[in-house]
Asker: 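Next up is a structure, given as structure tokens.
Since the structure is predicted, the reported quantities are computational estimates derived from the model, not experimental observations.
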Amino acid sequence: MNASKEKSPLKAKIKEVLGFDLRSLALFRIGLALVVLADLIIRFSDARVFYSDEGILPRSALGEVLISPWYWSIFSISGQPIVVGIVFAIAIFIALGLLVGYRTRLTAIATWAMIISIHNRNPALIFAADDVLRALLFWAMFLPLGACYSVDSALNTSERPLPKRIVSGATFAFMVQVCFIYMWSAAYKTKSELWWPDGDAVYYALSFDQYATPFGQWLLSFPVDILRLMTLSALWFEWLGPLLIFIPFYNSVFRCIAIVCFIGLHATFGLCFELGIFPFLSIASWLIFIPTNVWDALAKRLYTPQREGLRINYDADCGFCKKVVHFLRTFLILPGTPLLKCQDDPSIYADMQEKNSWVVVDWQGNRYFKWEAIAYVCSLSPIFWFLAPILRLSPLMAIGNKVYETIATNRRAAGMFTKPFKFRPLEVRSSLALNIVTLFLLVYASLWNLKSFVDQTVARRSPQKNDWISATHKLFTRRIIQQIDIFSRVTRLDQSWSIFAPAPPRDDGWHVIVGKRQDGTEVDVLKNSDSVNWEKPTMQQRNELYKNMQWRTYFINLNRAIGKKLYPLYGAYLCRNWNAKHQDSQKLENIDIYFMDERTVPPNQTQTVEKTKPWNQSCS
């Protein structure tokens with residue numbers, strides 16, 4: 001008995017430091033799903049170009065670009081645009097399931113599989129945000145993301161109350177993974193003199209026109225010494241900032257400091273650079289760390305007699321009605337609101353029969369019916385209260401009552417829409433077997449991060465040294481390690497955190513693509529203009545050219561090592577796409593792809609531009 005008491009404070013501390021609040025997990029799930037949905041919709045707009053055989057990377061050429069034969073993709077089943085579109089539609093549908101928390105574990109696994117498939121189908125589009133997304137989705141599969149604010153929690157039949165917090169191997173692994181993203185990135189950056197000791201990394205990052213924003217250009221005008229201070233501050237914060245979440249005393253306070261600081265950091269990144277989903281995804285990853293006492297304080301602040309006194313009565317003979325009131329209580333964030341059967345109260349039951357409606361009773365005993373009841377319940381929601389005045393507008397009230405009456409008289413048909421949603425018990429507990437699996441996977445991911453760091457360090461060394469890095473590199477080149485490496489490729493745990501690391505990109509510039517028509521005239525293929533423009537594009541022109549982060553990344557990669565494999569495919573696509581839209585003498589005979597190389601020079605030096613022609617493509 002005494003031993004148990006002695007262990008209790010330690011267990012409580014472990015749960016506080018290494019655990020997550022279920023409400024934080026739910027908020028993270030919603031943020032993660034919204035980012036995934038946005039990413040899928042953006043990619044879907046270019047599905048034919050990026051992911052079909054009619055685009056820039058047909059499946060027949062994919063093997064030349066993939067760095068591992070173990071990279072798999074559901075998109076490999078077909079290169080037809082219609083099939084690609086269907087797969088994207090399925091991915092979006094699955095992400096919606098994750099958003100609302102329906103069969104959350106399954107939808108998390110399916111979302112992870114879909115994202116891996118998309119990334120593996122066209123590796124030329126992969127950016128740092130994609131690496132982060134895969135890592136977060138991997139560990140999300142092992143977390144109880146659907147325990148709160150979800151369809152799963154709304155239809156929970158278990159009489160056992162759920163805990164506020166959960167600590168497991170997965171919660172610890174997720175925390176370590178978040179630390180890896182920043183700390184390994186900082187480790188990579190120490191290999192470049194631009195970060196340390198010169199401190200010019202922020203200058204070079206802001207100078208990279210491919211990511212430029214107006215705010216970033218404004219910061220670039222600051223004195224060099226201030227930019228160097230920002231460089232060193234960012235580097236040290238990446239090293240030390242993530243460790244705040246592990247401080248055992250005043251953990252909630254330090255967590256809140258970390259959350260605010262990192263959200264501010266990524267919001268600043270979003271203002272300074274065009275980084276696609278990266279700032280939003282990174283912000284969402286920190287929502288999972290919101291401490292329990294913050295949620296409890298918020299719940300106490302939101303307490304009102306009106307919310308406390310709310311009673312919702314539904315027809316016990318209507319399965320559709322029962323599910324709907326459970327959904328409303330959950331998604332309008334009205335926990336604890338009693339859901340009562342009208343048949344249990346003769347007066348309520350009489351009103352239900354007379355009005356053919358559910359019966360909502362407020363804290364003063366007033367009763368609401370049909371659409372008016374919906375508006376009243378919405379008015380008490382801490383999130384969706386703003387909808388109440390809109391729902392009460394006379395035209396909407398009339399339409400809403402008509403819709404309600406139609407559903408009320410056709411409950412059997414309405415029940416078909418809620419039939420897939422089943423009441424089932426939901427339990428949240430730490431599983432020993434799952435903890436062992438997740439901790440093993442964490443060790444594996446840790447070794448892969450070390451391997452990536454060592455491999456890159458050795459590749460950048462000249463001459464080589466006889467130290468622990470070289471010894472570790474030899475260890476990782478052994479055959480048994482190479483065989484185990486297959487697992488990292490299949491799961492995409494082959495992590496490398498390289499945003500602005502080891503150094504910010506300096507290979508700046510822009511592409512000019514000159515097409516020669518069969519009538520001998522020239523055309524700017526990239527801008528679809530009869531006049532070829534060699535001038536540096538403005539920020540607005542770049543944003544029009546790079547419709548999304550995928551196009552931005554693709555054009556950057558054209559000028560990297562992978563570009564040698566991409567140019568022939570891109571050239572063939574340009575010829576094919578242009579000639580399919582033009583007739584006779586307006587068709588292209590050949591194209592010349594030029595890159596205006598504007599490699600960023602050190603501060604206070606004159607910028608130069610060199611015209612290069614990396615590729616020529618015959619269109620005949």
Asker: Give the table of side-chain donor-acceptor pairs shorter than 3.5 Å for residues 98-106, with sequence neighbours excluded, one pair per line with atom names and distance.
Answerer:
residue: Tyr102; atom: OH; partner: Pro420; partner atom: O; Å: 3.0
residue: Thr104; atom: OG1; partner: Gly101; partner atom: O; Å: 3.1
residue: Thr104; atom: OG1; partner: Asp152; partner atom: OD2; Å: 2.7
residue: Arg105; atom: NH1; partner: Met141; partner atom: O; Å: 2.7
residue: Arg105; atom: NH1; partner: Phe142; partner atom: O; Å: 3.3

Asker: Could you tell me the separation between the CG atom of Leu219 and the CG atom of Leu271, rounded to the nearest 0.5 Å?
Answerer: 9.0 Å
Asker: Say whether Gln617 and Trp615, considering side chains only, have a donor N or O and an acceptor N or O under 3.5 Å apart.
Answerer: yes
Asker: Rounded at 0.5 Å granularity, tell me how far NE2 in His473 sits from CZ in Arg461.
Answerer: 10.5 Å
Asker: State plainly whether the residues Asp200 and Arg228 are in salt-bridge range, i.e. N to O under 4.0 Å.
Answerer: yes
Asker: If you draw a 6.0 Å radius around CH2 in Trp70, do more than 12 non-hydrogen atoms from other residues or ligands fall strictly inside?
Answerer: no
Asker: Would you say the side-chain atoms of Ser496 and Ser498 include a donor-acceptor pair closer than 3.5 Å?
Answerer: no
Asker: Would you check if there is a donor-acceptor pair between the side chains of Arg492 and Asn120 at a distance under 3.5 Å?
Answerer: yes
Asker: Side chains of Arg29 and Tyr149: is there a donor and an acceptor less than 3.5 Å apart?
Answerer: no
Asker: Does Trp196 reach the side chain of Leu232, with side-chain heavy atoms less than 4.5 Å apart?
Answerer: yes
Asker: Should the pair Glu589-Arg517 be classified as a salt bridge under the 4.0 Å nitrogen-to-oxygen rule?
Answerer: no
Asker: For the pair Asp39 (side chain) and Val35 (backbone), establish whether a donor and an acceptor sit closer than 3.5 Å, ignoring hydrogens and angles.
Answerer: no
Asker: Run the numbers on Thr608 and Glu598 for side-chain contact (heavy atoms from CB on, under 4.5 Å), then give the verdict.
Answerer: CA-CA 6 Å; Thr608 59; Glu598 191 186 31; over 6 Å; no
Asker: Backbone N or O of Asp46 within a donor-acceptor pair of the Trp551 side chain at under 3.5 Å?
Answerer: no
Asker: Is the closest side-chain donor-acceptor distance between Asn533 and Asp524 under 3.5 Å?
Answerer: no
Asker: Do Arg542 and Gln210 have side-chain atoms, one donor and one acceptor, less than 3.5 Å apart?
Answerer: yes
Asker: Quick one, Lys536 and Met596 - any side-chain contact, counting heavy atoms below 4.5 Å?
Answerer: no
Asker: When rounded to the nearest 0.5 angstrom, what distance separates CD1 in Ile116 from CD1 in Ile74?
Answerer: 9.5 Å
Asker: Is a donor on one side and an acceptor on the other found under 3.5 Å between the side chain of Ser73 and the backbone of Ser117?
Answerer: yes
Asker: Could Glu64 and Lys565 be called an ion pair, given the rule that one side-chain N must be under 4.0 Å from one carboxylate O?
Answerer: no
Asker: Can you give me every donor-acceptor pair (side chain of residues 173-187, partner residue at least two apart or in another chain, under 3.5 Å) with its distance?
Answerer:
residue: Gln177; atom: OE1; partner: Trp139; partner atom: NE1; Å: 2.9
residue: Gln177; atom: OE1; partner: Gln495; partner atom: NE2; Å: 2.7
residue: Gln177; atom: NE2; partner: Gln495; partner atom: OE1; Å: 3.1
residue: Tyr182; atom: OH; partner: His266; partner atom: NE2; Å: 2.6
residue: Tyr182; atom: OH; partner: Trp286; partner atom: NE1; Å: 2.9
residue: Ser185; atom: OG; partner: Lys189; partner atom: NZ; Å: 3.4

Asker: I'd like to know if Lys587 pairs up with Asp519 as an ion pair, taking the criterion as any Lys NZ or Arg NE/NH1/NH2 lying under 4.0 Å from an Asp or Glu carboxylate oxygen.
Answerer: no
Asker: Could you tell me whether Lys451 and Asp494 have a side-chain N and a carboxylate O separated by less than 4.0 Å?
Answerer: no
Asker: Check for a donor-acceptor pair, side chain of Glu544 on one end and backbone N or O of Gln541 on the other, with a separation under 3.5 Å.
Answerer: no
Asker: Should Arg134 and Asp131 count as an ion pair when the cut-off is N to O under 4.0 Å?
Answerer: yes
Asker: Any ion pair linking Asp53 and Arg121 (charged N to carboxylate O, less than 4.0 Å)?
Answerer: yes
Asker: Return the orientation label for the Tyr594 and Trp534 ring planes: parallel under 30°, perpendicular over 60°, tilted otherwise.
Answerer: perpendicular
Asker: Testing the 3.5 Å rule here: is there a donor-acceptor pair between the side chains of Trp448 and Asp485?
Answerer: yes
Asker: How long is the gap from CD on Glu522 to NZ on Lys516, to the nearest 0.5 Å?
Answerer: 8.0 Å
Asker: side-chain contact (heavy atoms from CB on, under 4.5 Å), that's the test. Do Cys261 and Phe237 meet it? Break it down for me.
Answerer: CA-CA 9 Å; Cys261 289; Phe237 186 66; 3.5 Å; yes
Asker: Just grab all the disulfide bond (SG atoms under 2.5 Å apart) pairs involving residues 579-620, residues at least two apart or on different chains.
Answerer: Cys575-Cys619
Asker: Given Phe273, which of Phe215, Tyr211, Phe208 fulfils the side chain to side chain contact (heavy atoms under 4.5 Å, CB included) condition?
Answerer: Tyr211
Asker: With a 3.5 Å distance limit and no angle check, can you tell me whether Asn579 reaches the backbone of Leu588 through a side-chain donor-acceptor pair?
Answerer: yes
